[in-house]
Amino acid sequence: AVTLVGVLLADLSLHASDYMAAERTFQLLTQAVGRAGRGNLPGNAVIQTYQPEHYAIIYAANQDYEGFYEEEILYRDLMQYPPVSNMLAVQIYASVEKEGLEFAQRLADKTKVLADGWQKEYDWKPQDRVQIVGPAPAGIGKINDIYRFVFYVKHGEYDCLVRVKDVLEQMVKESGVPVVCCGQKMTELVPGTVDASLEKHVPVWQVEGDHVIVDVGAVEHPMQEAHH
């Protein structure tokens, strides 16, 4: 039986550019700490961190799931991140960095125009407006000589993001940018078709050579079930 578990640099994953960084850190630490003392012998865990005051570290050390949830959901509510709000991810992959960034900016600008129009049409309160984050290089900005960019669209109403998705897909099809579309399993490329889904983060367009990918999908959030 395992009686001692040690974790080094436990706060490293907290610095990832991801709104779920604290949640993932908590998950990893609770899994690691939970391995000690599973048998007949008592167990101990040692967590080394430069941020011992962070709530993800504290609650993980105490194996306090409810405490972490109550703290994390306040942050999600403040920043309007899932599962409190809905978020759409739009990823643009291109072999030419400048072209990829410019196209990402065009899509983001189009989304802002939509958002401003809806703001006036529905007289939304400032806190209910469509929020756009980015575009910016993705967490991994380049893979196999393909540049990756992303921007996010946040709103409380799921149907609003569906409308954004539909408009962006139509804009891409009319843009003249060479695009290769693919199905959900990404096994067979079928030019001229779109298989988009907001139920899962399913790629819509895939890169081929000098083509541009546009991947429109919902951001998955494991806390969704707990929230409901």
Exercise for the section: Answer yes or no on whether R148 is positioned over the face of Y93, meaning its NZ or CZ is under 6.0 Å from the six-membered ring centre and within 45° of the axis. Expected result: yes
Completion exercise
dist I92:CD1 -> E99:CD (nearest 0.5 Å) comes out at 13.5 Å
Problem - side chain to side chain contact (heavy atoms under 4.5 Å, CB included) partner of V84, chosen from L78, I73, L74 - result: I73
Problem - Chi angles and distances behind the side-chain contact (heavy atoms from CB on, under 4.5 Å) call for V130, L114 - result: CA-CA 9 Å; V130 176; L114 286 174; over 6 Å; no
Practice task
Would you check, one step at a time, whether the test side-chain contact (heavy atoms from CB on, under 4.5 Å) holds for E97 with K142?
Solution key: CA-CA 9 Å; E97 182 178 17; K142 186 179 181 183; over 6 Å; no
Problem - Heavy-atom neighbours of Q48 CD exceed 12 at 6.0 Å - result: yes
Practice task
Decide whether Q105 and D109 meet the rule of one side-chain donor and one side-chain acceptor closer than 3.5 Å.
Solution key: yes
Practice task
For the residue pair Y55 and E72, confirm or rule out a side-chain donor-acceptor distance under 3.5 Å.
Solution key: yes
Practice task
Report, as yes or no, whether the 6.0 Å neighbourhood of atom CD on E53 holds more than 12 heavy atoms from other residues, nucleotides or ligands.
Solution key: yes
Fill in the blank from the handout: d(Y59 OH, H54 NE2) to nearest 0.5 Å is 11.5 Å
Could you pull out all donor-acceptor pairs under 3.5 Å where a side-chain atom in residues 6-15 meets a protein atom, sequence neighbours excluded?
unit_1 : atom_1 : unit_2 : atom_2 : d
D11    : OD1    : T49    : OG1    : 2.8
D11    : OD1    : Y50    : N      : 2.8
S13    : OG     : T25    : OG1    : 2.6
H15    : NE2    : Q51    : OE1    : 3.2

Problem - Contact check, side chains of K98 and Y147, non-hydrogen atoms, under 4.5 Å - result: no
Problem - Heavy-atom check, side chain of V5 versus side chain of V33, under 4.5 Å - result: no
Exercise for the section: Let me see the working for F151 and T111 under side-chain contact (heavy atoms from CB on, under 4.5 Å), right down to the final yes or no. Expected result: CA-CA 10 Å; F151 69 90; T111 304; 3.9 Å; yes
Problem - Student check: side-chain heavy atoms of Y19 and M79 closer than 4.5 Å - result: no
Exercise for the section: Could you grab the distance from atom CD of Q131 to atom CE of M87, nearest 0.5 Å is fine? Expected result: 10.5 Å
Practice task
Decide if atom CD1 of I140 counts as having more than 12 heavy atoms of other residues, nucleotides or ligands within a radius under 6.0 Å.
Solution key: no
Handout entry: K154 side, atom NZ; R129 side, atom CZ - distance, nearest 0.5 Å
Key = 9.0 Å
Problem - Presence of salt bridge, D159 and R163, under 4.0 angstrom - result: no
Handout entry: From CA spacing to verdict: side-chain contact (heavy atoms from CB on, under 4.5 Å), N86, H155
Key = CA-CA 5 Å; N86 297 287; H155 195 264; 5.9 Å; no
